Undergrad: 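Sharing a structure, written as structure tokens. Questions coming.
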Amino acid sequence: MPQSYDGLGRILVIIPTYNEIDNVDMITGRLRAAVPEAHILVVDDNSPDGTGRRADELAAADDHIHVLHRQGKEGLGAAYKAGFAWGLGEGYDVVVEFDADGSHQPEQLPRVLAGLHEADMVKGSRWVPGGSVVNWPLHRELLSRGGSIYTRLMLGLPVKDITGGLNAFRADTLRAILDDPIDGQGYGIQRDLTWNAHKRGYRIKEVPIEFIERTAGESKMSGDVVKEAMIRTTELGLKHRGKQVRDAVAALRGGPEHAGEVAGRFVGAVSRAARDAAREFRNGRAR
């Protein structure tokens, strides 16, 4: 029976793990059932709970499961970058980021992959119509929504769920955007991958997903992670908006007509970003 993702080539799903012994069997089993053709790469940061050893056992019994062992816990960004390098080196045509804890539902992956038929990067999105979160307290949802809204305002990104971690890439797209700066440790890698794809003019599509809070294991999210992401986003945003201002000033030297055109684009972009952010915040509060 034809699948929605047929024709995309060889697919690799990357799952970073650290102390996910309670989840590794569950997530690999569900992925193998949901997308049987896909290969899985478990990138384990030397988990003390034996996740890496269990992944090796799963790989020994299934030629679609692979394991990349790292020396220690160096952060999500570093784990994904190592997984990307492995996948691109092995010649996969599509590379997917996927959480180990079940918050990303494997059964929704075919719909995300299908989006690559008309895009270069697809984000599984919680904040587009049809997307949702389950078992999140209000403050957690407001924090996530607020982070995406702030990033959109600072960078002018036309993406609703910038911080979402379920992302699928065409290999050529991923290879190109990895040439630009990428957060080497934390969750900022999701922002950077999306930002780099947008800057290079790649087509980014958001597909609604239902995100479910983990039920086993411990979350790796912390206040320090959020703080680091906000600081880095502010730095990127000031650099981006500063360049826009410099371009506008330079245009003044080109004559009033040119200056007015550049200034109009700048004001329009900021106004649209602010208007969209305000609308999304109101919608989020109303839910």
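Just so you know, these numbers come straight off a predicted model, no measurement behind them.
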Undergrad: With the threshold set at 4.0 Å, does a side-chain nitrogen-carboxylate oxygen contact exist between R10 and E90?
TA: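 Looking at R10 and E90, the cut-off is not met.
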Undergrad: Taking T51 for its side chain and E20 for its backbone only, find out whether a donor-acceptor pair lies under 3.5 Å.
TA: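 At least one qualifying donor-acceptor pair exists.
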Undergrad: Any chain of hydrophobic side-chain contacts (each under 4.5 Å) joining I209 to W127?
TA: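 No.
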Undergrad: If we check salt bridge (charged side-chain N to carboxylate O under 4.0 Å, His left out) with E118, which of these qualifies: R170, K205, R203?
TA: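 Between E118 and the candidates, salt bridge (charged side-chain N to carboxylate O under 4.0 Å, His left out) is satisfied uniquely by K205.
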Undergrad: Following the transitive rule for hydrophobic clusters with a side-chain heavy-atom cut-off under 4.5 Å over Ile, Leu, Val, Met, Phe, Trp and Tyr, establish whether F98 and V94 coincide in one cluster.
TA: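 Yes.
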Undergrad: Say whether, by atom type as modelled, one donor and one acceptor occur between the side chain of T173 and the main chain of M121 under 3.5 angstrom.
TA: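 No, because the side chain of T173 does not come within donor-acceptor range (under 3.5 Å) of the backbone of M121.
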Undergrad: If a pair satisfies ring pair (Phe, Tyr, Trp, His ring centres under 6.0 Å) and one of its residues is in residues 129-173, list it, with sequence neighbours excluded.
TA: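 Non-adjacent pairs meeting ring pair (Phe, Tyr, Trp, His ring centres under 6.0 Å): W136-F211.
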Undergrad: Hey, are the side chains of Q190 and Y80 touching, using non-hydrogen atoms and a 4.5 Å cut-off?
TA: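 Side-chain contact under 4.5 Å: yes.
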Undergrad: T17 and side chain to side chain contact (heavy atoms under 4.5 Å, CB included): which partner among I21, N19, I15?
TA: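 It is I15, the one option of I21, N19, I15 that forms the side chain to side chain contact (heavy atoms under 4.5 Å, CB included) with T17.
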Undergrad: Does D180 pair with R200 as a salt bridge, N-O distance under 4.0 Å?
TA: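 Salt bridge between D180 and R200, a charged N being under 4.0 Å from a carboxylate O: yes.
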Undergrad: So how far is it from R32 CZ to D62 CG, rounded to the nearest 0.5 Å?
TA: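 Here the interatomic distance stands at 4.0 Å.
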Undergrad: Heavy atoms, side chains only, cut-off 4.5 Å: are Y92 and L174 in contact?
TA: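 SC-SC contact between Y92 and L174 ruled out.
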Undergrad: side-chain hydrogen bond (donor to acceptor under 3.5 Å, both in side chains) between Q108 and E210: does it pass, once the steps are laid out?
TA: CA-CA 8 Å; Q108 298 181 350; E210 180 186 62; 4.6 Å; no
Undergrad: Quick check: is V13 connected to L88 through a chain of hydrophobic side chains (ILVMFWY, heavy atoms under 4.5 Å apart)?
TA: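 No; V13 is not reachable from L88 via cluster members.
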Undergrad: Which atom pair, heavy atoms only, marks the closest approach of P106 to A34?
TA: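 Minimum heavy-atom separation between P106 and A34: O-CB, 3.3 Å.
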Undergrad: Show the atom names and distances, to 0.1 Å, of all donor-acceptor pairs under 3.5 Å that link a side chain in residues 24-31 to residues at least two apart or in another chain.
TA:
residue : atom : partner : partner atom : Å
D25     : OD1  : R54     : NE           : 2.9
D25     : OD2  : R54     : NE           : 3.1
D25     : OD2  : R54     : NH2          : 2.6
T28     : OG1  : V24     : O            : 2.7
T28     : OG1  : D25     : O            : 3.3
R30     : NE   : E107    : OE2          : 3.1
R30     : NH2  : E107    : OE1          : 2.7

Undergrad: Taking Y18 as the starting point, is it possible to reach I65 by hopping between hydrophobic residues whose side chains are less than 4.5 Å apart?
TA: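 No; tracing contacts between hydrophobic side chains, which count when under 4.5 Å, never links both residues.
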Undergrad: May I ask you to decide whether D161 forms a salt bridge with K123, counting only side-chain N to carboxylate O separations under 4.0 Å?
TA: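 Result for this pair is no, no salt bridge flagged.
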Undergrad: Strictly below 4.0 Å, N to O, side chains only: are D172 and R175 in salt-bridge contact?
TA: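 Salt bridge: yes.
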Undergrad: Would you say N167's side chain and E97's backbone share a donor-acceptor pair under 3.5 angstrom?
TA: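 No.
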